[in-house]
Amino acid sequence: MSYHYHTVKLRVAGDHIKSEHLLPADCKQITGMAYSALSLSELESNTVPVSLTFPSTKLQENLSNIDLENKYDALLSQSSESTARSYFKSNFVDLLKGALLSGIVFTTVDQQVIADRLSELLNGTPFIDYIFEYDTFERYIEKRPFSSTSYREYQRIRLEITIKERVISYLQRNSARIFYYDKVIQSFPESPMRQVIFPLVFPQSILLENLRAMDLPIDYLANTQTEISAQQYFQQKFIPCLEEKLFEHINYRAIANSELQTRLQSILKDPTFTAAIFDNDYYTNYLKYKKYPVSLAEMFNRIIFYLSKRKKDIFFYERQYIDYPTQSGEQTLITTLINGNSFLLRDFPLPLNRRLKPIKKEIKPFAEPIMVNSSATILIKNKSGLPLDCYVYFQYQTEGA
């Protein structure tokens, strides 16, 4: 037998209310009801930020549509890194602010609010620093005449790809500062909201795929003279690549990717991470004496194994829940009239401020189903006189159910 539920929400401010509500058109007979209410005077409002989905695909598409080809040539021709930074800030940033959010619309927050947050982020010095770190200027901008037009074009394309990747990466790392909306929730002052932690599935296959896609300089690492220098090189060259690329294509609906990135950075900077990679004679056997073929496979396995052991520190999300008072109060009565003159009149005590069970368990069933036409009238006698949010649940069946 199929049951359906219809919810009516009432705001009761005085000591009495009479309100008529239409029932669903397919409601042919009512089989039971349930009631609950919250005392509004005991609640206080809190504003909490809620993360939005990071629009990676649309941002990349918008970035590709910006005509910056001539500006990349001009950037490539700058004589020093300081002039390159100034040129980038003067000629790139405003174009990025104007075009990156094109076509990106969220129903929970105004686009202009998102645009203002983006503008503030891109105007900051950390953004320029991020674009030009990892030797961007030294790698792509030559201080000598280019040997050929084709080589210059090759350098320009490499520079363009790198900058685009870093723009998206920076936005993703700072997603929590841009892509969020403020949600107002109510809680009881004497029972504050509590944080509940939920684990996420460890994305081992995606992590391994991302590691294999990285261009990591294993040959240079194999030629370092001592294990200490090997570890230093690993920290200077490998860890920045891991911070930037390891979490690509990993997206959870419950948490922003930027939050995971922040946790990952903290894990990778922990001295125990580098120690875990180089333990068990990894440097001696795999690098110095080349006892086994030098490859990244063993290192990748060690990275995945270490992260799996620390997964509780990275792969989780938190949710806030209201702790309602444990004691309920029956401070009022509710009466329902159904089906016009041939009505059912019942008085129920209305329990206040308690956590609801599933609706099926809250329903008070009728001995016989009550046939309905179209509406029900609800009368509430509020003994406390405090404002209430009252919920009335109708359990009904459709014709032939």
Asker: May I ask you to check whether Gln231 and Thr274 show a side-chain donor-acceptor distance below 3.5 Å?
Answerer: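 On atom types as modelled, these side chains do not qualify, holding no pair under 3.5 Å.
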
Asker: Is there a donor-acceptor pair closer than 3.5 Å between any side-chain N or O of Asn62 and the backbone N or O of Ser102?
Answerer: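 Such a contact is found between Asn62 side chain and Ser102 backbone.
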
Asker: Atom CZ of Phe106 and atom CG of Leu52: how far apart are they, to the nearest 0.5 Å?
Answerer: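 Between Phe106 CZ and Leu52 CG, I get 5.0 Å after rounding to 0.5 Å.
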
Asker: Going from CG on Leu268 to CZ on Arg310, what distance comes out if it is rounded to the nearest 0.5 angstrom?
Answerer: 10.0 Å

Asker: To check you understand the geometry: which heavy-atom pair defines the closest contact between Leu75 and Ala84, and what is its length?
Answerer: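 Minimum heavy-atom separation between Leu75 and Ala84: CD1-O, 3.4 Å.
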
Asker: Using the rule given for side-chain hydrogen bond (donor to acceptor under 3.5 Å, both in side chains), can you reason through Gln265 versus Glu243, listing the C-alpha separation, both sets of side-chain angles and the distance that settles it, and then say yes or no?
Answerer: CA-CA 6 Å; Gln265 291 173 22; Glu243 290 180 352; 5.1 Å; no

Asker: Output, in order, the C-alpha distance, side-chain angles, deciding distance and verdict of side-chain hydrogen bond (donor to acceptor under 3.5 Å, both in side chains) for Ser56 and Gln60.
Answerer: CA-CA 6 Å; Ser56 176; Gln60 292 177 14; 3.2 Å; yes

Asker: Report yes if the side chains of Arg11 and Asp389 come closer than 4.5 Å at any heavy-atom pair, otherwise no.
Answerer: yes

Asker: May I ask you to check whether Phe202 and Phe316 place their ring centres under 6.0 Å from each other?
Answerer: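 Distance test on ring centres: not under 6.0 Å, no.
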
Asker: Under the criterion side chain to side chain contact (heavy atoms under 4.5 Å, CB included), I'd like the reasoning laid out for Arg319 against Phe198: C-alpha separation, chi angles, the key distance, then a yes or no.
Answerer: CA-CA 8 Å; Arg319 287 291 181 269; Phe198 299 92; 4.0 Å; yes

Asker: Give me the ring orientation class for Tyr87 and Phe92: parallel if the planes are under 30° apart, tilted from 30 to 60°, perpendicular past 60°.
Answerer: perpendicular

Asker: With a sphere of 6.0 Å drawn around NZ of Lys364, does it hold more than 12 non-hydrogen atoms of other residues, nucleotides or ligands?
Answerer: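 Yes, enclosed.
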
Asker: Are the charged groups of Lys245 and Glu248 less than 4.0 angstrom apart, N to O?
Answerer: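 Yes, this pair counts.
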
Asker: Is it the case that the side chain of Asn65 and the backbone of Glu61 share a donor-acceptor pair, with hydrogens and angles ignored and the cut-off at 3.5 Å?
Answerer: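 The answer is yes, because a donor-acceptor pair under 3.5 Å joins these two groups.
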
Asker: Just checking, any donor-acceptor pair under 3.5 angstrom between side chains of Ser51 and Tyr181?
Answerer: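 Result is no, nothing qualifies.
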
Asker: Look at atom CD of Gln204 and say whether more than 12 heavy atoms of other residues, nucleotides or ligands are closer to it than 6.0 Å.
Answerer: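 12 or below, so no.
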
Asker: Just by modelled atom types, is the Glu165 backbone N or O under 3.5 Å from a matching donor or acceptor in the Ser169 side chain?
Answerer: no

Asker: Any chance you could lay out the side chain to side chain contact (heavy atoms under 4.5 Å, CB included) test for Leu23 and Ile30, step after step, and finish with the verdict?
Answerer: CA-CA 10 Å; Leu23 297 171; Ile30 294 180; 4.0 Å; yes

Asker: Sub-3.5 Å donor-acceptor pair from the side chain of Ser266 to the main-chain atoms of Thr262, do we have one?
Answerer: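 Side chain of Ser266 to backbone of Thr262, a donor-acceptor pair under 3.5 Å: no, none is there.
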
Asker: Below 4.5 Å, heavy atoms only, C-beta onward: do Asp270 and Tyr306 meet side chain to side chain?
Answerer: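 A side-chain contact under 4.5 Å exists here.
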
Asker: Once you round to the nearest 0.5 Å, how far does CD1 of Ile277 lie from CZ of Phe238?
Answerer: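 Reported to 0.5 Å precision, the distance equals 10.5 Å.
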
Asker: Within the supplied structure, the quantity of interest is the number of heavy atoms (other residues, nucleotides, ligands) at a distance under 6.0 Å from Glu209 CD; does it exceed 12?
Answerer: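 No, the 6.0 Å shell around CD holds no more than 12 heavy atoms from other groups.
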
Asker: For Pro55 versus Ile104, what's the shortest heavy-atom pair and its separation?
Answerer: CG-CD1, 3.9 Å

Asker: When you check the gap from the basic side-chain N to the acidic O, do Arg117 and Glu120 get nearer than 4.0 Å?
Answerer: no

Asker: Is any side-chain heavy atom of Leu242 less than 4.5 Å from a side-chain heavy atom of Phe247?
Answerer: no

Asker: Which atom names give the shortest non-hydrogen contact between Cys390 and Ala37, and what distance separates them?
Answerer: CA-CB, 4.1 Å

Asker: Would you name the heavy atoms of Lys71 and Leu95 that are closest together and state the gap between them?
Answerer: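 Heavy-atom minimum between the residues: CE-CD1, 3.7 Å.
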
Asker: Have Asp347 and Thr335 got a donor and an acceptor in their side chains that come within less than 3.5 Å?
Answerer: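 Per modelled atom types, Asp347 and Thr335 side chains form a pair under 3.5 Å.
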
Asker: Any non-hydrogen side-chain atom of His249 less than 4.5 Å from a side-chain atom of Asn210?
Answerer: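 His249 reaches Asn210 side chain to side chain.
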
Asker: Using 0.5 Å steps for rounding, measure from the NZ atom of Lys58 to the OG1 atom of Thr53.
Answerer: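 Rounded to the nearest 0.5 Å, the NZ-OG1 separation comes to 15.5 Å.
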
Asker: For the residue pair Leu307 and Lys311, establish whether any side-chain heavy-atom pair is separated by less than 4.5 Å.
Answerer: no

Asker: Starting from the C-alpha separation in whole Å, work towards a yes-or-no answer on side chain to side chain contact (heavy atoms under 4.5 Å, CB included) for Thr47 and Lys183.
Answerer: CA-CA 6 Å; Thr47 301; Lys183 183 177 181 180; over 6 Å; no

Asker: May I ask you to decide if the ring planes of Phe179 and Phe54 are parallel, tilted or perpendicular, using 30° and 60° as cut-offs?
Answerer: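 Phe179 and Phe54: perpendicular rings.
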
Asker: Side chain to side chain contact (heavy atoms under 4.5 Å, CB included) with Ser19: which of Ile380, Leu10, Leu379?
Answerer: Leu10

Asker: Measure the OH-CG distance between Tyr130 and Leu171 for me, rounded to the nearest 0.5 Å.
Answerer: 10.0 Å

Asker: For the OG atom of Ser308 and the CG atom of Leu207, what is their distance to the nearest 0.5 Å?
Answerer: 10.0 Å

Asker: Are there more than 12 heavy atoms of other residues, nucleotides or ligands under 6.0 Å from atom NZ of Lys164?
Answerer: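 Counting neighbours around NZ of Lys164, more than 12 heavy atoms of other residues, nucleotides or ligands fall under 6.0 Å, so yes.
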
Asker: Using side-chain heavy atoms (C-beta onward) and a distance below 4.5 Å, is Thr7 in contact with Ile359?
Answerer: no

Asker: Quick check on Glu20: does its CD atom have over 12 non-hydrogen neighbours (other residues, nucleotides or ligands) under 6.0 Å away?
Answerer: yes

Asker: Say whether, by atom type as modelled, one donor and one acceptor occur between the side chain of Ser119 and the main chain of Ala115 under 3.5 angstrom.
Answerer: no

Asker: Around atom CZ of Phe305, are there more than 12 heavy atoms from other residues, nucleotides or ligands closer than 6.0 Å?
Answerer: no

Asker: Over 60° means perpendicular and under 30° means parallel, so tell me whether Phe127 and Phe88 are parallel, tilted or perpendicular.
Answerer: tilted

Asker: Tell me yes or no: between the side chains of Tyr72 and Glu160, is some donor less than 3.5 Å from an acceptor?
Answerer: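 No, no side-chain donor-acceptor pair sits under 3.5 Å.
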
Asker: Measure across Ile178 and Ile114 and return the closest heavy-atom pair with its distance rounded to 0.1 Å.
Answerer: O-CD1, 3.2 Å

Asker: Any side-chain heavy atom of Leu208 within less than 4.5 Å of one from Ile303?
Answerer: no

Asker: Determine whether a donor-acceptor pair (N or O, by modelled atom type, separation under 3.5 Å) exists between the side chain of Gln111 and the backbone of Val105.
Answerer: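 A pair under 3.5 Å: no.
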
Asker: If you define the side chain from C-beta out and look only at heavy atoms, does anything of Leu264 sit under 4.5 Å from Leu260?
Answerer: no

Asker: Ala376 and Phe394: which non-hydrogen atoms are nearest, and at how many Å?
Answerer: CB-CZ, 3.8 Å

Asker: Please step through side chain to side chain contact (heavy atoms under 4.5 Å, CB included) for the pair Ile131 and Tyr170, ending with a clear verdict.
Answerer: CA-CA 8 Å; Ile131 296 298; Tyr170 188 79; 5.6 Å; no

Asker: Got a salt bridge between Arg263 and Asp313, using NZ or NE/NH1/NH2 to carboxylate O under 4.0 Å?
Answerer: no

Asker: Go through the steps to decide whether Tyr3 and Gln395 satisfy the test side-chain hydrogen bond (donor to acceptor under 3.5 Å, both in side chains), and finish with yes or no.
Answerer: CA-CA 7 Å; Tyr3 293 103; Gln395 183 191 68; 5.2 Å; no

